[in-house]
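What follows is one structure encoded as C-alpha cells, with my remarks underneath.
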Protein chains: 2
Amino acid sequence: MTTAPVTLKDVARRAGVHTGTASRALNPQTRSLVNPETATKVMRAADDLGYRPNPIARGLKTNRSFTIGVLVPDLTNPLFPPIVRGIEDTLATVGYTALLANSDNDPDKERLHFETMRSRQVDAFILATAQRDHPLIEDAIVADVPIVLVNRTVESTRAFAVITDDHRSAELAVTHLFELGHTKIAHIAGPERFSTGKARYHGFVDTMKKVGLKPDRTLIRASRAFTEREGATTFRKLLDGKGEFTAVFAGNDLIALGCYDVMTETGMRCPEDVSIVGCNDIPFLDKLRPPLTTIKIPHYEMGVRATQLVLEQLQSPSAEPVTVLLEPELVVRGSTCPPGR
Amino acid sequence: MTTAPVTLKDVARRAGVHTGTASRALNPQTRSLVNPETATKVMRAADDLGYRPNPIARGLKTNRSFTIGVLVPDLTNPLFPPIVRGIEDTLATVGYTALLANSDNDPDKERLHFETMRSRQVDAFILATAQRDHPLIEDAIVADVPIVLVNRTVESTRAFAVITDDHRSAELAVTHLFELGHTKIAHIAGPERFSTGKARYHGFVDTMKKVGLKPDRTLIRASRAFTEREGATTFRKLLDGKGEFTAVFAGNDLIALGCYDVMTETGMRCPEDVSIVGCNDIPFLDKLRPPLTTIKIPHYEMGVRATQLVLEQLQSPSAEPVTVLLEPELVVRGSTCPPGR
DNA sequence: CAGAATACTGCAAACGATTGCTGCACTAGA
DNA sequence: TCTAGTGCAGCAATCGTTTGCAGTATTCTG
C-alpha cells in the first residue's frame with residue numbers, strides 16, 4: 001500500500017462531481033446541502049480511494065490546525081504520562097493530534113515552547129505547568145487562545161481548569177492518620193507557588209483543627225520542589241528540628257519517596273517509627289518497601305476531562321470559565337500503622 | 001500581545017516589494033537571489049511588524065512542517081518517558097516540535113496515527129513501536145519517509161535504528177547469576193515478535209552455553225506481552241511446570257514485577273527462594289521490596305541519538321542505513337543472591 | 001557599440017481544501 | 001401559464017507561502 005496522496009480532486013473526479021460538492025458531501029456539517037444520493041456516492045468514492053483530508057490545506061483556509069499544544073513540567077515525572085495519555089486518547093477520537101513539550105518548570109523554556117506552538121497554529125493549549133501566579137496564562141487569556149489547565153491551577157478565576165480536590169486529599173490523609181491514633185503529625189508541603197502545594201497545605205491545617213489537633217509550626221516544612229531529592233532534604237530538616245512526630249503527610253509521592261530514602265539511611269523503620277502518607281498514587285507504589293499509603297487521584301480522567309473542556313471551548317469560544325474538581329481517594333497500604341508500635 | 005496575524009503580504013507592502021521577493025529575502029536559502037539592500041529592507045520590515053511565517057501555508061507548498069512524528073506503544077510504560085524526553089529535548093534545540101501518539105502495539109491504531117501524522121506533513125518519524133516484521137515500516141521505507149527506530153528494531157537491514165545491545169544485556173544477566181552460583185536458570189522471554197524479546201532470548205541461550213550450562217526447554221517461556229500481568233501469568237506457568245530453578249532472568253522489568261506479584265501471593269521469598277534479574281532499569285526499582293537487580297539501558301540517550309539520526313537523514317536523504325548499538329550495564333541490587341540460602 | 005550575459009524583481013500558478021455566490025432544473029402556488 | 005421558490009451542484013475566489021518563468025535594466029564582452 002504505497003501512499004499516493006489522494007486529494008479531494010481525485011475523489012470528486014471518481015464520484016463525477018465538482019470538488020466543492022465533494023467537500024460538502026464529506027463534511028457532516030454541510031452534508032445536508034447536497035443530495036443524499038450524491039453524498040453517498042462521494043463518500044463511497046472517498047472510501048474506495050482511501051481519502052484522508054489534508055489538515056494543512058484545510059487549516060490554511062479555516063485557520064485551524066486540529067492540533068493541541070500540551071505543556072508538562074517533566075514527562076519523566078510518573079504523574080504526567082497517564083494524564084498525557086488521557087489527553088491523547090481523547091484527542092484521537094476527534095481527529096486531533098497533540099504537540100508535546102516539557103518546561104522543567106522554567107518560565108523561559110515554557111514561553112519559548114508556547115510561542116513555537118502558537119506559530120504552528122495550535123488550536124488550543126492544555127497546560128500542566130501552571131503556577132499560582134502565571135503571567136503566560138494571563139497573556140494567553142487576553143490574547144484569546146483557548147487554554148485549559150490540568151492538575152494545577154492559577155489564582156485567577158478566569159481560567160478553565162481540571163484539578164483534583166487537593167484540599168480534600170489532605171483531609172483524607174490527616175483523617176486516616178488521626179483515626180489510627182496519631183496526634184503528632186508533620187507535613188512536608190510542596191512548593192507554595194503551585195496550587196497543589198498550597199491547597200494541600202491548607203487542607204492539612206484545616207483538618208488538623210477540625211479533628212481537634214493543633215497544627216505545629218515546627219512540624220510543617222515546605223519542600224522546594226516536588227521531587228525525591230528535595231523531599232529527602234526537607235525530611236532531614238524535619239528530623240533535625242526539635243518537634244517530635246509519629247507520622248508525616250508528604251506533599252506528593254515523590255516527596256514521600258525522599259522520606260523513605262532518609263529513613264533507610266538512618267535506620268528508621270516505616271511505619272513502626274514513622275507513618276507516611278503520600279499523594280497522587282503514581283504507579284508501582286504498591287511494590288515499595290513498605291507499600292506506600294497514599295491518596296489516589298484520577299490522572300487519566302483529568303486528561304480526558306481537560307480535553308473535553310478544550311473541545312467544548314473550541315466549539316463555543318465564549319463559554320464561561322469552569323473549573324472541574326475531581327474526587328481523590330484514600331488508598332491504605334503498608335506505610336501507616338498506629339503510633340508507638 | 002494581541003493577535004494581529006501579520007502576513008507576508010503586509011511585510012512586502014511595507015518594504016515596497018512583491019511578496020515573492022519578500023519570501024526570497026526572508027529565506028536564508030534564497031536570500032542570495034535578491035539585492036542585499038532590498039533584503040535588509042524586507043528583513044527590517046518583517047522585524048518591525050513582528051512577522052511570523054505561517055508554517056501551515058508554508059507546509060502546504062513545501063511539504064515540510066519542521067515537525068516529527070513520535071510513536072510509542074504506551075507512554076504509561078515507564079520505559080518510554082525518558083526516551084521521549086531525549087527526543088524532545090534534542091528536537092527543541094533545532095526548532096522542531098514532536099507530535100506524539102500511542103499505538104498500544106495495535107497495528108491498526110498505529111497505522112491510523114501514522115497516516116494522520118503523515119497528512120499533517122511531519123518531516124520524519126521516530127518509532128518505538130517496531131515489531132520484527134513490520135509492514136508499516138517497510139511501506140514507509142519504500143514511500144521514502146525518513147524513519148528512525150528506537151529501542152526496538154526490525155529484521156530488515158534497510159532501517160535506521162538506535163537500540164541497546166539486547167543480546168549483551170542477557171549475557172550480563174546470565175553471567176551475574178552464574179557467578180553467584182546458579183545453575184538452574186529460567187528465562188521469561190518477551191514476545192518473540194519484538195527484537196528485544198528475541199535478542200534477549202538468544203543472548204540467554206548463547207550465554208548459558210558459553211558458561212557451560214545447558215539451557216532447559218522447560219525453563220524458558222515466552223510472555224505474551226511486556227507487562228506485569230503477562231509476566232505474572234507466565235511465571236505461574238513456570239511454577240506449574242516440572243522444571244526446577246533457583247533464578248530467573250525476566251524479559252524486562254515489568255515482567256520481573258509480575259514475578260514479584262506471584263511470589264508475594266504464594267509466599268515465596270525473593271531472593272532466598274528465587275533470584276530475579278530484570279531488564280531496562282525503569283525508575284524506582286531501587287525502592288522495591290526487594291530492590292530489583294536489573295540491566296540498565298541508556299533510555300534518554302537512545303532518544304537523543306535517534307533524533308540526531310533523523311536530523312542527519314533530513315539533511316542528506318540518501319544516507320545509508322545505520323543501526324547504533326548502545327551498551328547496557330548490570331545494576332546489582334537486592335533481588336539476587338547465591339542459590340539455596 | 002551591438003549583442004549577450006547578469007542581476008534582480010514581478011507575475012502568476014501552484015499546494016488542497018472551504019465557501020459565498022450563481023445558475024439551473026424542477027415544483028408549487030396563483 | 002407564469003412567477004416565485006426550492007434544492008442542488010458548479011464556479012471561482014481564497015487562505016499564506018513558495019517558486020518557475022518572464023521581463024527589465026544594467027553590466028560585460030569583443
Side-chain angles (χ1 to χ4, degrees), chain A residues 3-43 45-46 49-67 95 118-123, chain B residues 3-43 45-46 49-67 115-123:
Chain A
T3 323
V6 176
T7 77
L8 188 59
K9 206 174 351 182
D10 300 326
V11 175
R13 183 167 338 119
R14 173 180 252 253
V17 300
H18 190 264
T19 57
T21 308
S23 171
R24 278 184 275 255
L26 258 16
N27 185 337
Q29 306 266 335
T30 52
R31 177 135 57 234
S32 58
L33 296 176
V34 357
N35 184 316
E37 216 167 292
T38 20
T40 49
K41 204 168 55 187
V42 170
M43 292 167 70
L49 261 33
Y51 170 69
R52 318 223 359 120
N54 180 333
I56 303 255
R58 186 198 313 235
L60 184 57
K61 182 72 177 168
T62 59
N63 273 325
R64 299 190 56 181
S65 63
F66 298 90
T67 252
R118 225 152 102 64
S119 78
R120 287 190 200 292
Q121 310 288 132
V122 299
D123 294 341
Chain B
T3 323
V6 176
T7 76
L8 189 58
K9 201 167 3 176
D10 300 325
V11 176
R13 183 167 340 119
R14 174 179 251 255
V17 301
H18 189 266
T19 57
T21 310
S23 170
R24 279 183 275 255
L26 258 16
N27 185 336
Q29 305 267 335
T30 51
R31 177 136 57 234
S32 59
L33 296 177
V34 357
N35 185 318
E37 218 167 291
T38 14
T40 49
K41 206 166 52 185
V42 171
M43 291 168 71
L49 262 32
Y51 169 69
R52 322 229 347 129
N54 180 333
I56 304 256
R58 193 208 305 260
L60 185 57
K61 186 69 180 170
T62 61
N63 282 331
R64 295 196 56 179
S65 62
F66 296 94
T67 252
E115 296 293 348
T116 305
M117 288 179 167
R118 221 151 108 65
S119 73
R120 285 188 201 294
Q121 310 289 134
V122 300
D123 294 343

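Letters A, B, ... mirror the listed sequences (proteins, then strands); counts begin at 1.
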Task: Residue whose nearest DNA chain C nucleotide is more 5′ - A:Lys61 or B:Asn63 - done: B:Asn63
Task: 5' priority, DNA chain C, between A:Ile56 and B:Val17 [closest heavy atom] - done: B:Val17
When we call it a touch if two heavy atoms are under 4.0 Å apart, what does [X] touch: a base, just sugar-phosphate, or nothing?
X       : answer
B:Thr38 : sugar-phosphate
A:Pro55 : nothing
A:Ser23 : base
B:Leu33 : base

Nucleotide [N], atom [atom2] - distance to [atom1] of [X] in whole Å:
X        : N      : atom1 : atom2 : value
A:Arg31  : D:dG7  : CZ    : C1'   : 17 Å
B:Arg52  : D:dG16 : CZ    : P     : 16 Å
A:Arg64  : D:dG16 : CZ    : C1'   : 19 Å
A:Leu60  : D:dA13 : CG    : P     : 17 Å
B:Gln29  : D:dT17 : CD    : C1'   : 16 Å
A:Asn27  : C:dA17 : CG    : P     : 13 Å
B:Leu26  : D:dT18 : CG    : C1'   : 12 Å
B:Gln121 : C:dC15 : CD    : P     : 13 Å

Check whether any side-chain heavy atom of [X] sits under 4.5 Å from a side-chain heavy atom of [Y], and report yes or no.
X        : Y       : result
B:Met43  : B:Arg31 : yes
A:Val11  : A:Val6  : yes
B:Arg58  : B:Asn54 : no
B:Gln121 : B:Leu60 : no

TODO: Find which nucleotide of DNA chain D each of A:Val34 and B:His18 is nearest to by heavy atoms, and output the residue with the more 5' nucleotide.
DONE: A:Val34
Task: Comparing A:Asn35 and B:Tyr51 on DNA chain D - which has the more 5′ nearest nucleotide - done: A:Asn35
- [ ] Indicate whether OP1 or OP2 belonging to C:dT18 is found under 4.0 Å from a side-chain N or O atom of A:Thr62.
- [x] no
Open item on the list: Does C:dT18 have its OP1 or OP2 closer than 4.0 Å to a side-chain nitrogen or oxygen of A:Arg58?
Closed with: yes
Task: Options D:dG10, C:dT18, D:dG20, nucleotide nearest the side-chain atoms of A:Arg24 - done: D:dG10
- [ ] Measure from the side-chain heavy atoms of B:Leu8 and tell me the nearest of C:dG16, C:dT18, D:dT18.
- [x] D:dT18
- [ ] Measure the CG-CZ distance between B:Asn35 and B:Arg24 for me, rounded to the nearest 0.5 Å.
- [x] 13.0 Å
